[in-house]
Each structure stands twice: as structure tokens, then as C-alpha cells.
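First up is the structure itself, then whatever we jot down about it.
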Amino acid sequence: MKNTVAKDTIEKWSKGWSLSRELPMPIAYKSGFKVEVGYPNQKSRYVFPMLNDDFIELISSITDPWVYLKVCASPEEVKSQISGKWEIQPQGYMMSCSHSMNIPDISLHHDYQLEYESYNSTCVIKIMTKEGELASTGRLVLVNDLAVYDRIYTDNKHQRKGLATFLMKELEKIALSKGVVNNFLVATEAGKPLYQSLGWKIESWYTSIVIPGIKPGSKR
């Protein structure tokens, strides 16, 4: 597994991440990028394509809670650079797929139906039950020649029914219809096996750290 991703790819993915959430576009910060998120539990985020002096200096300069630092490096490498006030977050993986996904010709079970939405450069697909309950959803954002897959989710009650696979196939159709064949996403530990089964490959570790504060809504 590589411990770096091209800066150009990081920039495109970061733009897709922001467009998906209707947030400000990332701005360059030394060798990485910064997004002013503005959430109570995520004020801002920095993303770096590799663990370098810029990232290490930022670790030392930040004292406020809820500022996330994210880097293409293993958790062990990051852990060796941080003090006890920082917490490593659940592991992520940057993944890519530059060919048609390994998806069989499957159809959606008659208990479900598809809904489509769009905003900015973002396409949203929802798999709904006939009773109007959200079973699975995901977003696709096209940033130049890169298709960014984001916020892929399947409700626990509807897992192991092939919904996520069907969802990925429908999102891929949108990308292919625009002539985009380069696909990119950040996977969780739980989601990684699904994407690997569809032909995605891991490009890099994606490790996040934050200084936690009082969680919004919690009592002191």
C-alpha cells in the first residue's frame, strides 16, 4: 500500500467532498488543502497527500478542539508524531477504480424503488422502501475527470441484500454517461471489503486526528 496520493487527486476529491456537503471549496495550505467546515464538531479540516513537515508543524500549532488533520499515512506513522491531546479517528482508506466495476447484472428487488436528486455537481441516489423508508443512499460528484463517490450508506435493517452493490452500479452509470472512468472514494474499515469485491484498489491509508472537545449538546 502506498503512503501517498497525488496532490491533484487530493484536490479533486476534496472539491467533491465539499460539493457533496454544500461547503466552501478547499483552499491550498502549503502542501495540502484546508476546508472551513463550520460544524460544531468539525470546525475545519486539513488534508495532506503525505506525512511531511507541513503536517507535523500543523500538529504543533493547533490547540483548538474539532480541527481535523487528515493525511495519507498509516496510523502508526501519525501516532509517532502526536501528543496525548490528539485522538486518532476510525481508520479510512483512499481507494480508486479506473475500469468498469466487477458488478453482475443485478436488479433491484420489488420491495424497493429508486429516487434521484441533484444539486451543484452532485447526483444523489436513494433506495427507498415502498413505505418511504430510506434503505440505502449515495452521492456521485464529477470533478473534471474524476468521479467522487461519497456518503455511501445502507441502513442496518437493509444490509446484506445487495443494495449497496446495486447503488454503486447506478452511480457508476452516471459517471460513464459523462465519459468519466476514473473513480475515487474514501472507505471505512467496514466498507472496504465491498469496494474491493467490486474491483476497487486501496491507494493509501487515510488517517485522521483531532483534539476532541465537549461534544455539542452534551453537559459539562
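Y112 pairs in a side chain to side chain contact (heavy atoms under 4.5 Å, CB included) with only one of the listed residues (E133, H158, M128), which is H158. With respect to Y68, the side chain to side chain contact (heavy atoms under 4.5 Å, CB included) criterion is satisfied by exactly one of I211, V210, V35: V210.
Taking OG1 of T188 as the reference point, atom CG of L194 lies at 9.5 Å (rounded to 0.5 Å). Between atom NZ of residue K15 and atom CD1 of residue I10 there is a gap of 13.5 Å, rounded to the nearest 0.5 Å. Here OG of S31 is found 9.0 Å from CG of D53. Values are rounded to the nearest 0.5 Å. Atom CZ of R139 and atom CG of L167 lie 10.5 Å apart (nearest 0.5 Å). Note that the OG atom of S60 and the CD1 atom of I82 stand 11.5 Å from one another [nearest 0.5 Å]. Note: S118 OG to I125 CD1 = 11.0 Å, rounded to the nearest 0.5 Å.
Contact check on E57 versus K30 returns a salt bridge, with a Lys/Arg side-chain nitrogen under 4.0 Å from an Asp/Glu carboxylate oxygen. Here D111 does not pair with K161 in a salt bridge; the nearest charged N to carboxylate O distance is not below 4.0 Å. Using a 4.0 Å cut-off between charged nitrogen and carboxylate oxygen, K43 and E36 do not count as a salt-bridge pair. Salt bridge annotation for E77-K79: absent, with no cationic side-chain nitrogen under 4.0 angstrom from a carboxylate oxygen.
You'll find the side chain of I152 reaches within 4.5 Å of the side chain of M168, heavy atoms only. Contact check for V141 versus W17: no side-chain heavy atoms found under the 4.5 Å cut-off. Side-chain contact between S197 and Y195 is absent, with no heavy-atom pair separated by less than 4.5 Å. Contact check for I59 versus I209: side-chain heavy atoms found under the 4.5 Å cut-off. When side chains are defined from C-beta on, L198 counts as touching T165, because their heavy atoms get closer than 4.5 Å. Between Y46 and I62, the closest side-chain pair of non-hydrogen atoms falls below 4.5 Å. Side chains of W13 and V143 form no contact here, defined as non-hydrogen atoms less than 4.5 Å apart. The side-chain heavy atoms of V71 and M50, taken from C-beta on, include no pair separated by under 4.5 Å.
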Trace of the side-chain contact (heavy atoms from CB on, under 4.5 Å) decision for N144 with K12: CA-CA 8 Å; N144 299 334; K12 292 174 185 175; 4.2 Å; yes
Step-by-step side-chain hydrogen bond (donor to acceptor under 3.5 Å, both in side chains) determination, S208 to K70: CA-CA 4 Å; S208 303; K70 298 168 176 284; 2.9 Å; yes
Step-by-step side-chain contact (heavy atoms from CB on, under 4.5 Å) determination, K126 to E117: CA-CA 8 Å; K126 297 179 180 180; E117 297 176 9; 3.0 Å; yes
M95 and F184: CA distance, side-chain angles, deciding distance, side-chain contact (heavy atoms from CB on, under 4.5 Å) verdict: CA-CA 6 Å; M95 303 185 70; F184 202 84; over 6 Å; no
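The two residues P75 and I88 come nearest to each other via the heavy atoms O-CD1, 3.7 Å. In terms of heavy-atom proximity, F48 sits nearest to N52 at CD2-OD1, 4.2 Å. Here the closest heavy-atom approach between residue D150 and residue S20 is recorded as OD2-OG, 2.7 Å. The two atoms that bring V67 and W86 nearest to each other are O-CZ3, 3.9 Å, heavy atoms only. Counting all heavy atoms, side chain and backbone alike, D155 lies closest to L134 at CB-O, 4.0 Å. Heavy-atom minimum distance, S74 versus T207: C-OG1, 3.5 Å.
Stacking of K7 on the aromatic ring of F33 is recorded, both the 6.0 Å distance cut-off and the 45° axial limit being met. With a 6.0 Å cutoff to the six-membered ring centre and a 45° limit on the axis angle, K34 does not count as a cation-pi contact of Y29.
At least one donor-acceptor pair closer than 3.5 Å links the side chain of H99 to the backbone N or O of G199. A distance-only check finds no donor-acceptor pair linking the side chain of E115 to the backbone of I127 [under 3.5 Å]. Of the possible donor and acceptor atoms, one in the side chain of S136 sits under 3.5 Å from a partner among the backbone N and O of Y153. Between the side chain of K130 and the main chain of H110, a donor-acceptor pair closer than 3.5 Å is present. A donor-acceptor pair under 3.5 Å is formed between the side chain of Q89 and the backbone N or O of E87. Here the side chain of N120 pairs no donor or acceptor atom with the backbone of T122 at under 3.5 angstrom. Without hydrogens or angle criteria, N183 side chain to S96 main chain gives no donor-acceptor distance under 3.5 Å.
Counting non-hydrogen atoms of other residues, nucleotides and ligands closer than 6.0 Å to NZ of K192 gives a total above 12. Within a 6.0 Å radius of NZ in K201, no more than 12 heavy atoms belonging to other residues, nucleotides or ligands are found.
Residues I174 and V124 do not share a hydrophobic cluster, defined by chaining ILVMFWY side chains whose heavy atoms lie under 4.5 Å apart. Cluster annotation: V181 is not connected to V5 through the hydrophobic network of ILVMFWY side chains, with a link wherever side-chain heavy atoms come within less than 4.5 Å. With hydrophobic clusters built from ILVMFWY side chains whose heavy atoms lie under 4.5 angstrom apart, M25 does not share a cluster with Y119. Tracing side-chain contacts under 4.5 Å through hydrophobic residues (I, L, V, M, F, W, Y), one never reaches L176 starting from L171; they form parts of separate clusters.
Residue pairs meeting the side chain to side chain donor-acceptor pair (under 3.5 Å) criterion with at least one member in residues 169-182, sequence neighbours excluded, are D105-K169, Y116-E170, E170-K173.
In summary, the side chains of Y93 and E189 do present a donor paired with an acceptor at a separation below 3.5 Å, with no hydrogens or angles considered.
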